[in-house]
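First comes the structure, then the notes that go with it.
Throughout, protein chains are lettered first and strands after them, A, B, ... in sequence-line order, and every chain is numbered starting at 1.
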Protein chains: 2
Amino acid sequence: MATGRTHRPATRSRGIPEATVARLPLYLRALTALSERSVPTVSSEELAAAAGVNSAKLRKDFSYLGSYGTRGVGYDVEYLVYQISRELGLTQDWPVVIVGIGNLGAALANYGGFASRGFRVAALIDADPNMAGTPVAGMPVQHTDDLEKIIEDNGVSIGVISTPAGAAQQVCDRLVAAGITSILNFAPTVLSVPDGVDVRKVDLSIELQILAFHEQRKAGEEAGAEVVVADAVAETAGVDVPVDEGAAEATAAEATAAEAAPAARTESTDRKGPDGDVPAVMPA
Amino acid sequence: MATGRTHRPATRSRGIPEATVARLPLYLRALTALSERSVPTVSSEELAAAAGVNSAKLRKDFSYLGSYGTRGVGYDVEYLVYQISRELGLTQDWPVVIVGIGNLGAALANYGGFASRGFRVAALIDADPNMAGTPVAGMPVQHTDDLEKIIEDNGVSIGVISTPAGAAQQVCDRLVAAGITSILNFAPTVLSVPDGVDVRKVDLSIELQILAFHEQRKAGEEAGAEVVVADAVAETAGVDVPVDEGAAEATAAEATAAEAAPAARTESTDRKGPDGDVPAVMPA
DNA sequence: ATGCCTTTGTGAACGCGTGCACAAAGATTG
DNA sequence: CAATCTTTGTGCACGCGTTCACAAAGGCAT
């Protein structure tokens with residue numbers, strides 16, 4: 001998925017499991033859809049299907065909130081919508097600032113999903129003086145100089161960072177100093193924040209890399225013979241097998257193509273060679 | 001299905017834990033930065049700090065890849081960059097199509113982080129005929145009609161969906177039918193795909209809702225006297241505490257602010273328009 | 001070589017999250 | 001009111017992921 005949180009130490013969270021919290025918005029969305037279709041009640045089975053999860057998991061998730069269902073019937077849609085909204089804190093207004101109005105920042109400013117859930121874009125902030133005053137999503141961009149004042153005046157506690165990576169930590173520090181305690185970070189950097197500040201990150205590049213890993217694995221399985229060969233080579237060649245078999249495979253790769261690893265990365269990304277690990281043929 | 005590795009430590013084979021895979025890009029980024037500064041070696045402690053993780057975790061993560069470190073010294077930066085890149089499949093080129101060129105789609109098309117990691121945007125696709133031919137990020141937008149042909153001609157196996165929610169499943173189906181096996185979904189919908197197809201989702205609205213939850217909890221703790229009092233009352237009064245403490249807290253909240261809960265629930269469809277979270281991004 | 005110092009790699013313990021399976025609870029029907 | 005049927009809520013077991021803590025391994029100085 002898309003996120004990660006800065007590690008929260010000792011918070012006596014006699015509360016809802018993090019994994020459950022992360023699913024509540026999913027349930028809420030499914031419930032909202034049902035609500036709009038005026039469906040009065042829904043069973044855990046149906047709702048789970050709509051949310052794309054296991055029904056047992058859903059019931060357990062709801063059990064952390066309380067007993068809001070009726071046995072033999074299901075859950076009252078409207079009531080559940082309200083309860084989840086309340087639990088998530090969506091019954092109140094959350095002013096949000098977006099810092100860094102480039103392509104992504106502008107897209108976020110135009111994103112309809114914010115307002116529909118109680119998130120109000122209070123201000124758009126950018127460091128470029130030329131952008132100041134320029135309307136984006138019907139709202140004038142303001143300059144970074146006024147960041148602190150904007151946050152204070154609007155009582156903002158959630159900030160979105162969509163600046164380039166180089167500016168992110170600096171912006172983050174100013175946001176935190178100004179009183180922000182929750183940050184959604186789109187910049188490809190690890191932000192360091194003091195305790196008590198939550199950071200969630202969305203990293204497009206990382207998501208793609210994870211997909212690439214699985215994609216490669218899938219491709220490798222189809223032409224799976226290669227891997228076997230690599231293992232065989234390792235054994236026949238009497239390669240000094242380190243600690244375990246997993247390492248052996250890696251070692252086999254080294255023994256052939258990866259020997260020139262440091263050299264290979266000097267330039268080209270071409271490595272069609274006798275890799276033994278990387279599939280030589282791409283999925284069509 | 002997975003009959004092979006029933007009784008075996010996952011050390012063998014491509015048994016890299018999912019959690020580890022998700023962190024590899026993080027390490028890679030930190031290592032790349034070190035590489036650019038010509039740092040020759042790095043210890044697990046230093047690298048962990050740069051990546052924002054625990055050093056023990058990092059070492060264990062690397063142990064799944066093999067023994068690439070040198071005791072007493074650390075890891076060779078260049079070598080590790082190569083190994084991780086190879087493991088993630090970044091040593092090859094991954095053509096990608098982006099479907100839905102609204103605000104977000106355009107932002108993604110302009111995003112530099114893709115190309116820098118071996119991901120090449122092969123095509124931009126949109127359903128709006130008026131957009132066809134319009135250059136976005138120096139590349140003409142193509143019409144959905146040609147989706148299948150584009151994917152086949154370019155050997156694309158990774159697709160990015162940045163359409164409105166309503167169109168996402170349909171687009172997804174066509175992508176899958178055309179041979180796509182990995183999807184990065186930005187539309188706020190649960191996509192259903194056949195086995196063998198990976199889907200990762202990025203949902204901005206959900207991220208904010210999770211932040212709101214924690215934000216609310218933080219605010220509640222500061223003025224936490226309320227909750228404590230409520231609990232005390234419950235006990236002193238000999239109230240039959242319902243299911244568990246969590247529920248007790250919820251009950252306490254209702255007793256104060258959420259008194260109007262049942263009322264609100266009759267009317268809860270009001271505050272959000274029919275938009276829901278439908279538009280991930282509207283076709284500009 | 002020998003001994004010291006640093007850092008890796010990993011065994012083991014622990015905690016969280018997931019899924020199964022079922023008893024309890026309520027609706028519904030006759 | 002009793003019997004039946006549906007669906008919730010949860011106890012339990014299992015597996016994954018995280019963290020600790022330490023022996024082994026390598027470098028380096030003497």
Side-chain angles (χ1 to χ4, degrees), chain A residues 1 4-24 26-27 40-49 51-77 79-80 83 240-248 250-251, chain B residues 2 5-12 15-24 27 40-49 51-77 79-80 83 242-244 246-247:
Chain A
M1 218 138 317
R5 282 192 328 110
T6 46
H7 188 51
R8 178 198 304 282
T11 314
R12 53 109 196 280
S13 59
R14 173 219 305 113
I16 304 174
E18 191 60 31
T20 296
V21 172
R23 279 188 295 268
L24 290 181
L26 222 51
Y27 302 145
T41 63
V42 64
S43 71
S44 64
E45 202 69 49
E46 294 167 319
L47 184 55
V53 303
N54 177 309
S55 72
K57 192 187 297 188
L58 178 143
R59 288 198 301 275
K60 180 147 291 192
D61 282 342
F62 285 175
S63 79
Y64 292 115
L65 309 183
S67 287
Y68 294 147
T70 303
R71 297 176 190 229
V73 177
Y75 299 91
D76 181 285
V77 172
Y79 187 57
L80 205 44
Q83 289 297 344
D240 181 21
V241 176
V243 191
D244 62 38
E245 297 173 336
T251 307
Chain B
R5 52 218 51 160
T6 308
H7 218 34
R8 201 140 176 215
T11 14
R12 169 75 172 93
I16 301 179
E18 191 59 32
T20 295
V21 173
R23 279 188 295 266
L24 290 181
Y27 302 145
T41 63
V42 63
S43 72
S44 65
E45 201 69 49
E46 294 168 320
L47 184 55
V53 304
N54 177 309
S55 73
K57 192 187 297 186
L58 177 142
R59 287 198 300 275
K60 178 143 288 192
D61 282 343
F62 285 174
S63 79
Y64 292 114
L65 308 184
S67 287
Y68 294 147
T70 305
R71 298 178 189 229
V73 176
Y75 299 91
D76 182 285
V77 172
Y79 187 59
L80 204 45
Q83 290 297 344
V243 191
D244 60 28

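Residue side chain Lys60(A) reaches the base of dG19(C) through a donor-acceptor N/O pair under 3.5 Å, judged by distance alone.
For the atom pair Lys60(B) NZ and Asn54(B) CG, the distance stands at 11.0 Å (nearest 0.5 Å).
Taking 4.0 angstrom as the limit, Asn54(A) places none of its side-chain polar atoms (N or O) nearer than this to OP1 or OP2 of dG17(C). In terms of phosphate contacts, Ser43(A) brings no side-chain nitrogen or oxygen within less than 4.0 Å of OP1 or OP2 of dT7(D). Dashed line: the shortest gap from a side-chain N or O of Arg23(B) to OP1 or OP2 of dT18(D) is under 4.0 Å.
Arg59(A) has its side chain within reach of Ser55(A): a pair of non-hydrogen atoms, C-beta onward, lies under 4.5 Å apart.
Atom CZ in Arg59(A) sits about 16 Å away from atom C1' in dG17(C), given to the nearest Å. Remark: P of dC5(D) and CD of Glu45(A) are 19 Å apart, rounded to the nearest angstrom. Leu58(A) has its CG atom 14 Å from the P atom of dT10(D), to the nearest Å. Between Asp76(B) atom CG and dG26(D) atom C1' the separation is 15 Å, expressed in whole Å. Between the C1' atom of dT8(C) and the OH atom of Tyr64(B) lies a distance of 15 Å, rounded to the nearest Å. We find that OH of Tyr68(B) is positioned 16 Å from P of dG26(D), with the value rounded to whole Å. Rounded to whole Å, the distance from CD on Glu18(B) to P on dT18(C) is 14 Å. Atoms OH (Tyr75(A)) and P (dT7(D)) sit 12 Å apart, rounded to a whole Å.
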Check: protein-nucleotides 23-30 of chain C nitrogen or oxygen pairs below 3.5 Å:
{"residue": "dA24(C)", "atom": "N3", "partner": "Arg71(A)", "partner atom": "NH1", "Å": "2.8"}
{"residue": "dA25(C)", "atom": "O4'", "partner": "Arg71(A)", "partner atom": "NE", "Å": "3.4"}

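Partners of Phe62(B) under the ring-ring contact (aromatic ring centres under 6.0 Å, His included) rule, at least two apart in sequence or in another chain, are Tyr27(B), Tyr75(B). Every residue two or more places apart in sequence or in another chain that forms a side-chain contact (heavy atoms from CB on, under 4.5 Å) with Thr70(A) is listed here: Val73(A). Residues passing the side-chain hydrogen bond (donor to acceptor under 3.5 Å, both in side chains) test with Ser43(A) are Glu46(A), sequence neighbours excluded. Pro17(A) pairs by the side-chain contact (heavy atoms from CB on, under 4.5 Å) definition with Thr20(A), Tyr64(A), not counting sequence neighbours.
Within the nucleic acid shown, Phe62(A) has no heavy atom closer than 4.0 Å to any nucleic acid atom.
Closest-nucleotide positions on DNA chain C for Ala56(B) and Lys57(A) were compared, and the one nearer the 5' end corresponds to Ala56(B).
Sorted by first and then second residue, the salt bridge (charged side-chain N to carboxylate O under 4.0 Å, His left out) pairs involving residues 61-73 of chain B (not counting sequence neighbours) are Arg23(B)-Asp61(B).
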